[in-house]
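These notes concern the structure reproduced below.
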There are 2 protein chains.
Amino acid sequence: MRATSPHSGEALLFLTDEQLRQGIEAMFFAYRGFTADPDRILQDMSYGRAHHRAVHFINGAPGTTVNNLLDILGVTKQSLNRVLRTLIEDGLVESRVGTTDKRERNLYLTDEGKALERQLSDAQRARMRAAYRSAGPEAVAGFKTVLEAMMDADMRRHYRKLREGR
Amino acid sequence: MRATSPHSGEALLFLTDEQLRQGIEAMFFAYRGFTADPDRILQDMSYGRAHHRAVHFINGAPGTTVNNLLDILGVTKQSLNRVLRTLIEDGLVESRVGTTDKRERNLYLTDEGKALERQLSDAQRARMRAAYRSAGPEAVAGFKTVLEAMMDADMRRHYRKLREGR
DNA sequence: TTGGAAAGTCAACAAAGCTGACTTAAACTC
DNA sequence: GAGTTTAAGTCAGCTTTGTTGACTTTCCAA
């Protein structure tokens, strides 16, 4: 039995179950590569992937609030708080009381925080750059199109917003 | 200052740090979507994402050994063993002593295991299919090209081997 | 035939998620 | 101005999934 409907022609060959399965496995293996380099750097320090994510998004949107970060990262307050607390204690992140709304905390990377972010993102970008270069611009465009279509609507909103903000 | 080397023309615009950063964030947000549906199904049962991965790859390569699975999943023996033990106890996976080498265990999904695999992969494929359909075949080709280039060499080997085996 | 290597298992621990209940302070609303 | 809502942060306790190290069984080769 064919995976797609019986009348689907050659034009939809890329939608067969086998093709989809390949895509699933590609995502799995590629994500491992994607995180491998920063993970390696982090394992010597007392930080993990969660710290990387926090540092990444604070760097990309300096002054962001805790609530906004929670929304982007999709974790619970306690989970983020544990990570944020260590980063603040270690002087990588600065938390300033909001100017307009004093309940909020605006988060910034310190110089030390920026140095770590740079180290991690350099490693991650190097792999990304190599992949992009070997695949070529058209493949990269397709790559982004499919990834964007794969996101939940909420995440797509965040993704686009971050893109605009720069 | 330009991100790439000064003499890189328009043809390499897709290699700027900003473009790479977008790709990094796209991977992050998309991976969340990618795992969201199976995760939702699993949270009601007493299983997690690790069980899904084991079931997925046993299904794709019936009779595989524990060692091979360790290599594919990239986790430690104990991490896999815990997962495998519950799956075997619950009758989703069968572990048969190897015929040629009795140190090995060959792993198979039982009918019940196959049913769970089907349920999870149906959900994951549905999202994948929607993303593929909206992006179109050329984008899908580019998507796979970039993902494959992003893998570690070891993982790319596994990826291709699994593809051949079917 | 024995001694090392390989496959698998077990115990104990660490990182990073989660829930739920609670406090504090500021902002909003009526 | 009193009462409610919101943002942030804390505490306690749990789950999943990763880790290392020690152990048994089996195989193979010197």
Side-chain angles (χ1 to χ4, degrees), chain A residues 28 31-32 35-36 38-56 58 63-90 93-108, chain B residues 28 31-32 35-36 38-58 63-90 93-108 120:
Chain A
F28 172 71
Y31 198 78
R32 288 257 299 284
T35 58
D39 281 357
R40 225 180 331 266
I41 293 170
L42 285 161
Q43 80 179 26
D44 297 330
M45 322 180 184
S46 53
Y47 298 133
R49 205 179 287 179
H51 300 83
H52 180 195
R53 293 198 281 256
V55 163
H56 174 98
I58 294 172
T64 188
T65 63
V66 173
N67 244 4
N68 185 43
L69 211 49
L70 281 176
D71 219 27
I72 288 177
L73 297 177
V75 297
T76 56
K77 236 195 315 188
Q78 172 64 338
S79 203
L80 176 57
N81 210 266
R82 192 191 305 121
V83 164
L84 228 37
R85 189 167 42 209
T86 65
L87 289 172
I88 291 168
E89 278 170 6
D90 294 351
V93 167
E94 193 190 348
S95 165
R96 295 184 208 153
V97 172
T99 50
T100 64
D101 186 336
K102 289 179 188 165
R103 290 173 305 179
E104 294 182 341
R105 301 287 181 277
N106 296 115
L107 303 170
Y108 300 88
Chain B
F28 173 71
Y31 198 78
R32 290 257 298 281
T35 57
D39 282 357
R40 228 182 326 268
I41 293 170
L42 286 160
Q43 81 179 27
D44 297 330
M45 323 182 183
S46 53
Y47 297 133
R49 205 178 288 178
H51 299 82
H52 179 195
R53 293 199 280 255
V55 163
H56 174 98
F57 286 107
I58 294 172
T64 187
T65 64
V66 173
N67 237 11
N68 185 43
L69 212 48
L70 281 176
D71 219 26
I72 288 176
L73 297 177
V75 296
T76 55
K77 267 196 279 193
Q78 171 60 346
S79 203
L80 175 59
N81 204 260
R82 192 191 303 117
V83 162
L84 230 36
R85 189 168 41 210
T86 65
L87 289 172
I88 291 168
E89 279 170 6
D90 295 352
V93 168
E94 193 191 347
S95 165
R96 297 185 208 152
V97 172
T99 49
T100 64
D101 186 336
K102 288 181 188 164
R103 291 174 302 179
E104 295 181 341
R105 300 288 180 276
N106 297 115
L107 303 170
Y108 301 88
L120 295 172

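Proteins get letters first, then strands, A, B, ... in listed order; numbering begins at 1 in each.
When each of dC11(D), dA8(D), dG18(D) is scored by its nearest atom to the side-chain atoms of Gln78(A), the top-ranked nucleotide is dC11(D).
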| task | Go through the steps for Tyr47(B) and Asp90(B) under the test side chain to side chain contact (heavy atoms under 4.5 Å, CB included), then give the verdict. | result | CA-CA 11 Å; Tyr47(B) 297 133; Asp90(B) 295 352; 2.4 Å; yes
| message | The test is side chain to side chain contact (heavy atoms under 4.5 Å, CB included); show your working for Leu87(A) and His51(A) and say whether it passes. | response | CA-CA 8 Å; Leu87(A) 289 172; His51(A) 300 83; 4.1 Å; yes
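Counting heavy atoms from C-beta outward, Leu73(A) and Phe28(B) have side chains that approach closer than 4.5 Å. You'll find the side chain of Leu84(B) reaches within 4.5 Å of the side chain of Leu107(B), heavy atoms only. At a threshold of 4.5 Å between non-hydrogen side-chain atoms, the residues Val97(A) and Arg105(A) count as touching. Taking the side chain as every heavy atom from C-beta outward, Thr65(A) and Asn106(A) approach each other to under 4.5 Å.
The residue among Ser95(B) and Tyr47(A) whose nearest nucleotide of DNA chain C lies closer to the 5′ end is Ser95(B). Both Gly48(B) and Asn68(A) sit near DNA chain D, but only Asn68(A) has its closest nucleotide nearer the 5' end. Looking at which nucleotide of DNA chain C each of Thr76(A) and Thr65(B) is closest to, the 5′-most match is held by Thr65(B).
Between the side chain of Arg82(B) and the base of dG18(D) there is at least one donor-acceptor pair of N/O atoms closer than 3.5 Å.
Annotation: the span from Thr76(A) atom OG1 to Arg82(A) atom CZ amounts to 8.0 Å, rounded to 0.5 Å.
Distance, Asp39(A) CG to dG18(D) P: 12 Å, rounded to whole Å. Taking atom CG of Leu73(B) as the reference point, atom P of dT19(D) lies 11 Å away to the nearest angstrom. The distance between atom CG of Leu80(A) and atom C1' of dT10(D), rounded to the nearest whole Å, is 14 Å. In this structure, CD of Glu89(A) is placed 13 Å from C1' of dT10(D), rounded to the nearest angstrom. Summarising the geometry, the separation between CG on Asn67(A) and P on dT6(D) is reported as 11 Å, rounded to the nearest angstrom. Glu104(A) places its CD atom 14 Å from the C1' atom of dT5(D), with the value rounded to the nearest Å. Between His52(B) atom NE2 and dT17(D) atom P there is a gap of 12 Å when expressed in whole angstrom units. Between Arg105(B) atom CZ and dT24(D) atom C1' there is a gap of 11 Å when expressed in whole angstrom units.
Dashed line: the shortest gap from a side-chain N or O of Asn81(A) to OP1 or OP2 of dA8(D) is not under 4.0 Å. Between His51(B) and dT17(D) there is a side-chain N or O to OP1 or OP2 distance below 4.0 Å. When the side-chain nitrogen and oxygen atoms of Arg103(A) are compared with OP1 and OP2 of dT5(D), none of them lie within a distance under 4.0 Å.
Reading DNA chain C from its 5' end, the first and the last nucleotide to sit under 4.0 Å from a heavy atom of chain A are dA16(C) to dA27(C).
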